[in-house]
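Read the structure below first, then the notes.
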Amino acid sequence: LLDWSCSMNYFIFKTIQQLIQLVYFCQKVNIPYDVFFFSSEFDGEYADRNHNKNFNYKNGDMILDTMKLVNVASSNLKKLQLDESMMFLYHLGLYYESRYSYRDYDYSKPEAPMLPREYYLGSTPLNEALMVMLKYIPLFKAKYRVEKMNFITLTDGGSNYSGSNVLAYDSQSKSN
C-alpha cells in the first residue's frame, strides 16, 4: 500500500522510487504482487458520502471514511503495461514533490497541467485501507497459493482519526 495523502508531499517522490525498486525486484524473481495507493480523493459520481442512504447502522457500528484503492502495479501486467504504469507513477511523484509547501514551491515555473481530482493527494484513510486488506490478503494468498507473504505499507503513519465515527446512541435521548 502506498499512502497517497498530502502529508506525504515531502516524501512522495522518494517513496515512489523505493516502490518502483520493490516492484521490479518482485518482477525479476517472479514474486506475485499487487500495489495499491489509497486516497480520500475520488470523483463524486463514484461514491455517495451520505452513508445513511446505503446502510442500516446499529449502535456501536463504525462508519468508515470514504476512500479508494487504485491498483498501480500487478504481477499480472504485461511488461509494457507495467513500465507505463511505473512511468506515470514516477511522474506523479515528481509533480507532487514539495508542491503543497509554499516555502518550497517555485512560483516562477509555469503552472503544470492540472491532474484529474482522483489523483490529488488527500487525507489519510490508512485505517480504512488496512481494513480492506484484511479481506483482500486472504483472496490474494488463495489465488497465488502463497503460504508465506510480506505486506508492505509505505506511509508516514499519520492516519485519519476514525474513532469519532462510532455510533453510540444514548438510550435516554432515544426515548424523547
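Here, residue 1 is the first one in the sequence, and each next residue gets the next number.
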(message) So which atom in Pro125 and which in Ser123 form the shortest heavy-atom distance, rounded to 0.1 Å?
(response) CD-O, 3.2 Å
(request) Determine whether Leu69 and Leu1 make a side-chain contact, defined as any pair of heavy atoms from C-beta on separated by less than 4.5 Å. (result) yes
(request) Compare every heavy atom of Met8 with every heavy atom of Thr15, then report the nearest pair and how far apart it is. (result) OG1-CE, 3.8 Å
(message) Donor-acceptor check, side chain of Thr124 to backbone of Leu126, threshold 3.5 angstrom: yes or no?
(response) no
(request) Determine whether Asn71 and Phe37 make a side-chain contact, defined as any pair of heavy atoms from C-beta on separated by less than 4.5 Å. (result) no
(request) Would you check if Thr155 and Phe11 make a side-chain contact, meaning some heavy-atom pair closer than 4.5 Å? (result) no
(message) Take a 6.0 Å sphere around CZ of Phe25 and say whether it holds more than 12 heavy atoms from other residues, nucleotides or ligands.
(response) no
(request) Taking all non-hydrogen atoms of both residues into account, name the closest pair between Tyr144 and Ser75 and its distance. (result) OH-OG, 3.9 Å
(message) Using a 6.0 Å cut-off, check whether atom OH of Tyr119 has over 12 heavy atoms from anything other than its own residue.
(response) no
(message) Tell me whether the NZ or CZ atom of Lys14 lies within the 45° cone about the ring axis of Tyr90 and under 6.0 Å from its centre.
(response) no
(message) Are the side chains of Phe88 and Asp83 in contact, using a 4.5 Å heavy-atom criterion?
(response) no
(message) Would you say that Ser7 contacts Asp156 through its side chain, given a criterion of any heavy-atom pair below 4.5 Å between the two side chains?
(response) yes
(message) Treating Gln81 as the side-chain partner and Lys78 as the backbone partner, does any N or O pair qualify as donor plus acceptor under 3.5 Å?
(response) yes
(message) Could you report the tightest heavy-atom contact between Phe38 and Met67, atom names first, then the distance?
(response) CB-SD, 4.4 Å
(request) Taking all heavy atoms of Lys135 and all of Leu139, pick out the closest pair and write down the distance. (result) O-CG, 3.5 Å
(message) Test of understanding: clusters of I, L, V, M, F, W, Y form through side-chain heavy atoms closer than 4.5 Å, transitively. Do Trp4 and Leu94 belong to the same one?
(response) yes
(message) Tell me whether Ser39 contacts the main-chain N or O of Lys68 through its side chain, where contact means a donor paired with an acceptor under 3.5 Å.
(response) no
(request) Please examine the side chains of Val132 and Leu134, heavy atoms only from C-beta on, and report whether any two atoms are closer than 4.5 Å. (result) no
(request) Could you pull out the closest heavy-atom pair between Val23 and Ala73, with the gap in Å? (result) CG2-CB, 4.2 Å
(message) Could you tell me if the side chain of Met86 sits less than 4.5 Å from the side chain of Ile16, heavy atoms only?
(response) no
(message) Ring centres under 6.0 Å, that's the criterion: do Phe36 and Tyr136 meet it?
(response) yes
(message) Is there a side-chain contact between Asp3 and Thr153 in this structure, where contact means two heavy atoms from C-beta onward sitting under 4.5 Å apart?
(response) no
